[in-house]
> 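Encoded as structure tokens, here's the structure I'll be asking about.
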Amino acid sequence: MSLIQPRTLKGFRDYLPAAMIPRERLMETARETFRSFGFAPIDTPTLEHLEILTGKGSEETDRQLYQFVDAGKRPVGMRFDLTVPLARFAAQHINELGTPFKRYHIAPVWRGENPQAGRYREFYQCDFDTIGTESVLADIEAVTVIDSLIRAIGIDAFTISINNRAILNGLLESLGLADKATPILRSLDKLAKIGLEATNAEMVNAAGITSEQADQVLGLAQCDGTAEQVFAKLPGILGDNEKANEGAARLREIYDGAIASGVSPDRIKIDVSIARGLDYYTGVIFETTLDELPGIGSICSGGRYDNLAGLYTKQHLPGIGASLGLDRLLSALETLERLSSNSKPCPVFIPFFDKDHRDDYLRLATNLRKAGIGTEVYPEPRKLKAQLKYADGHGFQYALIAGGNEWERGEVQVKVLAEKTSEDIAYQHDAPEKLIERLTTS
RNA sequence: GUGGUUGUAGUUCAGUUGGUUAGAACGUCGGAUUGUGAUUCCGAAGGUCGAGGGUUCGAGUCCCUUCAGCCACCCCA
């Protein structure tokens with residue numbers, strides 16, 4: 001009989017303990033941060049009716065959607081992001097939940113695109129959103145959450161770029177180009193990457209506008225520099241278009257509010273040329289890049305979408321939120337060599353040293369766990385040498401060695417693995433205090 | 001989805017203009033006086049050379065197809 005080759009699908013990956021431990025730690029950090037702002041957890045199904053998912057982002061996102069017909073002949077799709085399922089969820093449950101509704105959602109999503117460094121076909125997103133309020137306070141809070149989150153993860157060098165779609169839409173409106181907004185904005189998004197001339201050409205090409213019109217849109221590109229400089233230049237470019245100017249004023253308010261709530265000004269960049277591809281954004285939009293690794297792309301993006309739930313309900317449900325790309329961030333941390341290599345979930349290792357004392361090892365471990373000290377007992381009575389090698393290779397802090405002699409004396413040898421030192425500490429099953437004390441004070 | 005590039009033991013790689021039983025290092029496992037781990041010494045296991053087909057007397061080495069990784073485009077976390 002021939003063996004089946006063990007393999008995973010393209011863009012899908014296994015996670016070994018060394019990768020999974022920092023991954024779980026990141027999720028815990030995200031959970032704690034979201035909760036500290038009052039966001040509550042939800043979950044939604046992996047699969048949705050296909051009609052729920054299609055036509056929400058762009059043609060591109062529809063193309064990347066994993067879809068098939070289930071055994072009951074229903075067209076179904078795997079969720080592409082967590083925002084569209086949230087919109088459906090909100091339309092369905094908002095009456096029980098009330099507004100404003102703040103939730104976070106940490107779960108995998110699927111996109112059928114070609115993988116690359118930091119891009120996979122299955123990856124986790126950590127989303128947080130506030131539904132049911134148009135208040136600028138929610139916008140400000142979103143920026144603050146992103147800042148808190150990235151800092152809690154232990155990253156200091158990052159930049160949150162902020163813009164307001166209303167500025168772009170207002171400008172396009174006054175130029176009479178509103179109906180071509182999508183291709184124009186998509187081209188504009190490439191400005192930082194391909195430069196002014198190429199972007200102009202791209203707009204002419206993709207949106208079918210004249211080079212002069214493209215130049216007018218690209219006037220925005222001159223709006224660079226510090227936040228103050230950008231806000232000073234904006235009115236001259238936006239003219240008297242009401243929508244655009246209101247958008248600029250709101251952007252200013254968000255910026256000031258974020259600074260007031262403690263976000264460092266040098267971490268926020270007002271960038272009126274970012275547009276974001278997803279069509280459902282209507283207000284403020286943001287993306288977050290790592291200063292040390294900008295090439296990997298945005299690790300946390302989002303924005304305000306005032307119409308999304310309107311596809312599923314007549315109730316007006318505006319929302320704002322953002323998404324942390326967990327796997328992309330991990331990939332970045334890995335290339336920056338910022339991941340700890342410790343792959344063990346607990347600090348204490350007990351070798352199965354003397355067969356006659358098997359139950360003593362188990363009891364010892366139980367006593368330590370009761371005291372909150374994670375403990376692993378080796379399952380086989382192999383040579384001590386081999387067991388210590390295992391302990392050493394797996395990042396344990398302590399090995400507790402106890403053979404006949406130690407048990408007789410009422411002691412346990414505590415070996416500090418990293419320092420290669422050891423000392424005998426008094427221990428008996430009904431008097432574990434001394435040992436526990438030794439293990440909890442480093 | 002398009003284009004480029006790579007694919008040899010668990011890992012990182014060597015493998016001359018195609019020529020006999022495919023190598024190394026690290027890792028793994030075993031041993032070096034019967035109870036002590038990153039060093040040393042000895043030994044062993046582990047590869048249908050990503051997969052399939054073709055050219056050839058003969059292919060890891062050439063050609064085609066396919067799968068996967070990486071990079072670019074597209075898009076995006």
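All values reported here derive from a predicted model rather than from experimental measurement. Labels below follow one simple rule: chain letters A, B, ... track the order of the sequence lines, proteins then strands, and each chain is numbered from 1.
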> Look at all strands and tell whether A:Tyr390 reaches a base, only sugar-phosphate, or nothing, counting heavy atoms closer than 4.0 Å.
nothing

> Any base atoms under 4.0 Å from A:Gly11, or only sugar-phosphate, or nothing? Heavy atoms, all strands.
sugar-phosphate

> For the P atoms, the ones on B:rA25 and on B:rU36, what distance do you get once it is rounded to whole angstrom?
28 Å

> Give A:Gln387 one of three labels, base, sugar-phosphate or nothing, depending on what nucleic acid heavy atoms sit under 4.0 Å from its own.
nothing

> Got a donor-acceptor contact below 3.5 angstrom from the A:Gln413 side chain to the A:Ser422 backbone?
no

> With a 4.0 Å cut-off on heavy atoms, is A:Gln116 in touch with a base, just the backbone sugar-phosphate, or nothing at all?
base

> May I ask you to verify whether the side chain of A:Arg63 and the base of B:rC75 hold a donor-acceptor pair under 3.5 Å?
no

> Pick the P atom in B:rG53 and in B:rU17, then give their distance to the nearest Å.
28 Å

> Rounding to an integer number of Å, can you tell me how far A:Ile274 CD1 sits from B:rC76 C1'?
13 Å

> Over all strands shown, is A:Gly118 touching base, sugar-phosphate only, or nothing at heavy-atom distances under 4.0 angstrom?
base

> May I have the distance from A:Phe349 (atom CZ) to B:rU36 (atom P), rounded to whole angstrom?
15 Å

> Give, for atom CZ of A:Phe123 and atom CZ of A:Arg121, the distance between the pair rounded to the nearest 0.5 Å.
12.0 Å

> Establish, from distance only, whether the side-chain atoms of A:Arg363 and A:Tyr361 form a donor-acceptor pair under 3.5 Å.
no

> Check if the side chain of A:Arg119 and the base of B:rC75 share a donor-acceptor pair of N or O atoms closer than 3.5 Å.
yes

> Let me know the distance between NZ of A:Lys385 and P of B:rU34, rounded to the nearest Å.
10 Å

> Using atom CD of A:Glu122 as one end and atom C1' of B:rA68 as the other, report the distance to the nearest whole Å.
17 Å

> Distance between the C1' atoms of B:rG60 and B:rA32, in whole angstroms?
38 Å

> Provide the distance between the two C1' atoms, one in B:rC76 and one in B:rG1, to the nearest whole Å.
15 Å

> For the pair A:His429 and A:Trp407, name the ring-plane relationship: parallel under 30°, tilted 30 to 60°, perpendicular over 60°.
tilted

> Categorize A:Arg382 for me: base, sugar-phosphate, or nothing, with a 4.0 angstrom heavy-atom threshold over every strand shown.
sugar-phosphate

> Heavy atoms only, 4.0 Å cut-off, all strands: where does A:Asn114 land among base, sugar-phosphate and nothing?
base

> Between C1' on B:rA38 and CD on A:Gln397, what's the gap in Å once rounded to a whole number?
17 Å

> May I ask you to evaluate whether A:Lys190 reaches the phosphate of B:rC73, defined as a side-chain N or O under 4.0 Å from OP1 or OP2?
no

> Between A:Arg79 (side chain only) and A:Thr44 (backbone N and O only), is there a donor and an acceptor less than 3.5 Å apart?
yes

> Describe the nucleic acid contact of A:Ala402 in one word from base, sugar-phosphate, nothing, applying a heavy-atom distance below 4.0 Å.
nothing

> Are A:Phe128 and A:Phe39, when compared by the centres of their aromatic rings, separated by less than 6.0 Å?
yes

> On a whole-Å scale, what distance lies between the P atoms belonging to B:rU12 and B:rU55?
34 Å

> Under 3.5 Å between N/O atoms: give me all the protein pairs with nucleotides 10-12 of chain B, atom names plus distance.
none

> When you measure from the centre of the six-membered ring of A:Tyr120, is the NZ or CZ of A:Arg13 closer than 6.0 Å and no more than 45° off the axis?
yes

> Below 4.0 angstrom from OP1 or OP2 of B:rU36, is there any side-chain N or O of A:Lys420?
no

> Distance check: side-chain N/O of A:Lys383 vs OP1/OP2 of B:rU34, anything under 4.0 Å?
no

> Work out how far the C1' atom of B:rG18 is from that of B:rC62, and round it to whole angstrom.
8 Å

> Any cation-pi pair here, A:Arg165 with A:Tyr281, using under 6.0 Å and within 45°?
no

> How long is the line joining CZ of A:Phe123 and P of B:rC76, in whole Å?
11 Å

> So, the side chain of A:Glu406 versus the backbone of A:Gly403: is there a donor-acceptor pair under 3.5 Å, distance only?
yes

> Please report the distance, rounded to the nearest Å, between NZ in A:Lys10 and P in B:rU6.
17 Å

> Can you check the distance between B:rU6 and B:rU48, where both ends of the measurement are the P atom (answer in whole Å)?
24 Å

> To the nearest Å, give me how far apart CG (A:Asp189) and P (B:rC73) are.
14 Å

> Work out how far the P atom of B:rA24 is from that of B:rA9, and round it to whole angstrom.
14 Å

